[in-house]
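Written below as structure tokens is the structure these notes are about.
What you are looking at is a predicted structure, and each value in this text was computed from that prediction instead of being measured. Atom set for the values below is all heavy atoms of this structure, side chains included, hydrogens, waters and symmetry mates excluded. Chain identifiers are assigned alphabetically (A, B, ...) following the order of the sequence lines, protein sequences preceding nucleic acid strands; residue numbering begins at 1 within each chain.
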Amino acid sequence: MPRLEKRLLFPCDVRSFLTDKWRGHCAKDEPDMMRTHTCGELRVQDVDVQVTLCGWADRVRDHGGVLFIDLRDTHGVTQVVVHPEDTPSVFAIGETVRAEWVLSVAGKVAHRPDGTVNPDLHTGEIEVVAAALEPLSKADALPLPLDDSPVDERLRLTHRSLDLRRERLQQNLQLRARIVSSIRQAMESQDFTEIETPTLIRSTPEGARDFIVPSRLSPGSCYALPQSPQIYKQLLMVGGFDRYYQIARCWRDEDARADRQLEFTQLDLEASFCHEEDVYQWVEKAVGAAFEVGGRGAHFTPPLPRLTWHDAIRLYGTDKPDLRAGAPIEDLSSLFLETEFQAFAAAAHKGAVRGWRACGGGSRSRKELDLLTVRAKELGAQGLVWMVVEADRKLRSPIAKFLSEAELAGVRNQLHGDPGDLLLLVADEARVCSEVLGALRVEIAAPRGHAVEDGMALLWVTEFPMFEPGENGPTPLHHPFTAPHPDDLEKMQTAPFEVRSRAYDLVVNGVELGSGSIRIHDRDLQERVFAAIGMPADEIASRFGFLLHAFRFGVPPHGGFACGIDRLAMVLADEPSIRELIAFPKTQSGADPLSGAPAPVTVQQLDDVGLLLSPEVRAQLAGKTAT
RNA sequence: GGUCCUGUAGAACAGCCUGGAGUGUUCGCCGCCCUGUCAAGGCGGAGGUCGCGAGUUCAAAUCUCGUCAGGACCGCCA
């Protein structure tokens, strides 16, 4: 099977890095080969070679006396030229060719005449003089353009196979493939073992809504699709595989966003006998490899900076700060303990006064500044104070007259305000101050995104709180198997919201790339966590019994991480949505316009699994089909 | 569940605020011409349920209400 062997030798993206290896190895003498070359590889040294190319008619330029067809495949574009005087029958066929017909072209590679070289094309120095031309498949007029012009997203998804031909998705999906490949290599090189886990699992309601799959063999019972391989990877640790990883598909039945789909892909990993530092290193190696193939290796300099969750909230007002968006937030409370300005004095004692400097933001008009105040109120602040640093370093502000010279100077100095800067102050509860200023910080920086064009700001956010307030008391912020910080154990019952956990997030440019934690391997500690969240024994048993059962027979200390592949690829491709990195994504409402999913199933299918639609749903469905 | 934006020819838009005949732009499509283009060029032509449904009005793409779809965000996303 010589052809199979070749495919294994040269399995991937010829255009990016295998062109030279491919050239010369490809057996042009094989009589049954459909093509001798791709549309992206012919060069000057191939002149006079007889070739056969296959591809789509990217553009046809008919000059009457000479005809050009740009033949395109995933590897590139090659110009085919047809001369009516030399090959009248070929020209007759060529004149009928329309955009996106699939063609087979045989001919000889030739230098382009002087002055007609196209430097924008890798193959721009040559052309193929057609001696034979066969349409393999014709095409209707296209419902959407294939250039880079904007197209309605619904239309793109409806005709996704055409959309996929566009340069943007060709590049993005090639990039994604290289990212995944590099991650696999990085994980293998660190002795991680790739192991698959099931996708039909028991529903363990926790966090997001589960997708459920009714069972035919157990009518009335359902599987769930995993929100992550969490429990199984911990079982693998108990099972003695001390370094596991997987490129895992996960499902969460929640509303979609630009960076969230119903189904998504994670690099999932777990390891035994490790601390946080080990996990950081492994993940940094994998993500670093992805940055390398994404052409952003220069922006990835491990070890990545760390910020505790507490500091992230205080300095940036969010647990996923964008370090590119300018200065951190400063606490100004101590300046205003004795101030005459009552709004600040009260906040300084009961809450906080905090400020942020928008570098060069002082050129805003009064109207724009007022809009910022409106926005701050939308975000939950009681108000917003703005100050513009004038050329003489004086502060222009509606409340300047209420503050002393010393207080104004203190604000300017602590925020490092220079002439032309805009200073924003919020007086409120400390958390509100930081959240509002943090949101404004990102929004103000966003329009100037070009200033940070190629910037990539990665960091670890560490020491997340163990619990957050929930409807029924403390709720795990991460999941109930996350280990608490050893210094905070005694607060577990007395002050649960002050307990730090050993959970960590990886953040890049304000996007949460992934999260993980060191897990609990001690049964007593696990019981104390369940007690803290008030989960009764029977519920623990029904939800997590099979994990806890396994934990009775020797559990290695372990921890892990999961990193969103779609988001990682989105950031590296500099795209605004993960839909641009997924071949067949779904809409915001979870529909696939291409296939029509989700769709009703037949009564027979429902009957097989023992389900019956409610009268309301049946009426709705009947109404839909009637209209 | 909520807030906001969008929906006009095959595509992308303008027109809407201030109601007056489906008006316009660019691309594509079809035909003819054209020997070196590469976003080819020139001339001509076809193509419309203004998302859908009500309402107001002598008159609705335009105003009002509802509804559907797509998108951004909030809620949600351990």
With rounding to whole Å, what would you report as the distance between G42(B) and C58(B) at their P atoms? 50 Å
Tell me the interatomic distance from D70(A), atom CG, to G36(B), atom C1', rounded to whole angstroms. 13 Å
Between U57(B) and C16(B), how far apart are the two P atoms, rounded to whole Å? 24 Å
Sorted by chain and residue number, the side chain to side chain contact (heavy atoms under 4.5 Å, CB included) partners of P113(A) (sequence neighbours excluded) come out as T116(A), E127(A)
Regarding S228(A) and Q266(A), do their side chains bring together a donor and an acceptor under 3.5 Å, going by distance alone? no
Answer with base, sugar-phosphate or nothing: what part of the nucleic acid does V80(A) contact at a heavy-atom distance below 4.0 Å? nothing
May I ask you to list the residues of residues 139-155 of chain A, by number, that have any heavy atom positioned under 4.0 Å from an atom of RNA chain B? L142(A), P143(A), P145(A), P150(A), V151(A), D152(A), E153(A), R154(A), L155(A)
Would you measure the distance from the C1' atom in A61(B) across to the matching atom in G51(B) and give it in whole Å? 12 Å
Where the side chain of S517(A) meets the backbone of R519(A), is there a donor-acceptor pair that is under 3.5 Å apart? no
Holding to salt bridge (Lys or Arg N to Asp or Glu O under 4.0 Å), I want the full list of residues that pass it with D259(A), two or more places apart in sequence or in another chain. R567(A)
Name all residues meeting the side-chain hydrogen bond (donor to acceptor under 3.5 Å, both in side chains) criterion together with T96(A); count only those two or more places apart in sequence or in a different chain, and write none if there are none. none
Of E254(A) and A258(A), whose nearest nucleotide on RNA chain B comes first from the 5' end? A258(A)
If the condition is salt bridge (Lys or Arg N to Asp or Glu O under 4.0 Å), which residues does D70(A) pass it with, not counting sequence neighbours? R61(A)
For the P atoms, the ones on C50(B) and on A40(B), what distance do you get once it is rounded to whole angstrom? 33 Å
Using the C1' atom in both, what is the distance from C29(B) to G66(B), to the nearest Å? 37 Å
Same-atom distance (C1') from G41(B) to C34(B), integer angstrom: 8 Å
Can N172(A) and E575(A) be counted as having a side-chain donor-acceptor contact under 3.5 angstrom? yes
Does the aromatic ring of H63(A) sit over the six-membered base ring of A40(B), closer than 5.5 Å centre to centre and tilted less than 30°? yes
Could you please name the partner base of G10(B), counting Watson-Crick and G-U wobble pairs only when both distances are under 3.5 Å? C27(B)
Who passes side-chain hydrogen bond (donor to acceptor under 3.5 Å, both in side chains) against D322(A), sequence neighbours left out? R324(A)
Short of 4.0 Å, heavy atom to strand atom, which residues of residues 577-589 of chain A count as contacting RNA chain B? R579(A), T587(A), Q588(A), S589(A)
Taking atom CG as the centre, does L489(A) end up with more than 12 heavy-atom neighbours from other residues, nucleotides or ligands that are less than 6.0 angstrom away? yes
Is any side-chain N of the basic residue among R375(A) and E443(A) closer than 4.0 Å to the acidic one's carboxylate O? yes
Sequence neighbours excluded and cut-off under 3.5 Å, please list the side-chain donor-acceptor pairs for residues 83-95 of chain A, or say none.
from	atom 1	to	atom 2	distance (Å)
T87(A)	OG1	H83(A)	O	2.9

On a whole-Å scale, what distance lies between the C1' atoms belonging to U26(B) and G47(B)? 16 Å
Stretch residues 92-101 of chain A: residues that reach within less than 4.0 Å of RNA chain B through a heavy atom: R98(A)
For atom C1', what is the distance between G48(B) and G7(B), given to the nearest Å? 15 Å
From CG of L71(A) over to C1' of C38(B), roughly how many Å is that when rounded to an integer? 14 Å
Report which part of the nucleic acid L477(A) touches: base, sugar-phosphate, or nothing (heavy-atom distance under 4.0 Å, all strands). sugar-phosphate
Any residue meeting salt bridge (Lys or Arg N to Asp or Glu O under 4.0 Å) with E276(A), in chain and number order, not counting sequence neighbours: R502(A)
Listed partners of D428(A) passing salt bridge (Lys or Arg N to Asp or Glu O under 4.0 Å), at least two apart: none
Considering every strand and a 4.0 Å limit on heavy-atom distances, what is the contact class for R59(A): base, sugar-phosphate, or nothing? sugar-phosphate
Note: for V60(A) and Q79(A) on RNA chain B, the residue whose nearest nucleotide lies more 5' is Q79(A)
Restricting to nitrogen or oxygen on both sides, can you table the protein-nucleotides 1-9 of chain B pairs closer than 3.5 Å?
from	atom 1	to	atom 2	distance (Å)
G1(B)	O6	D255(A)	OD2	3.3

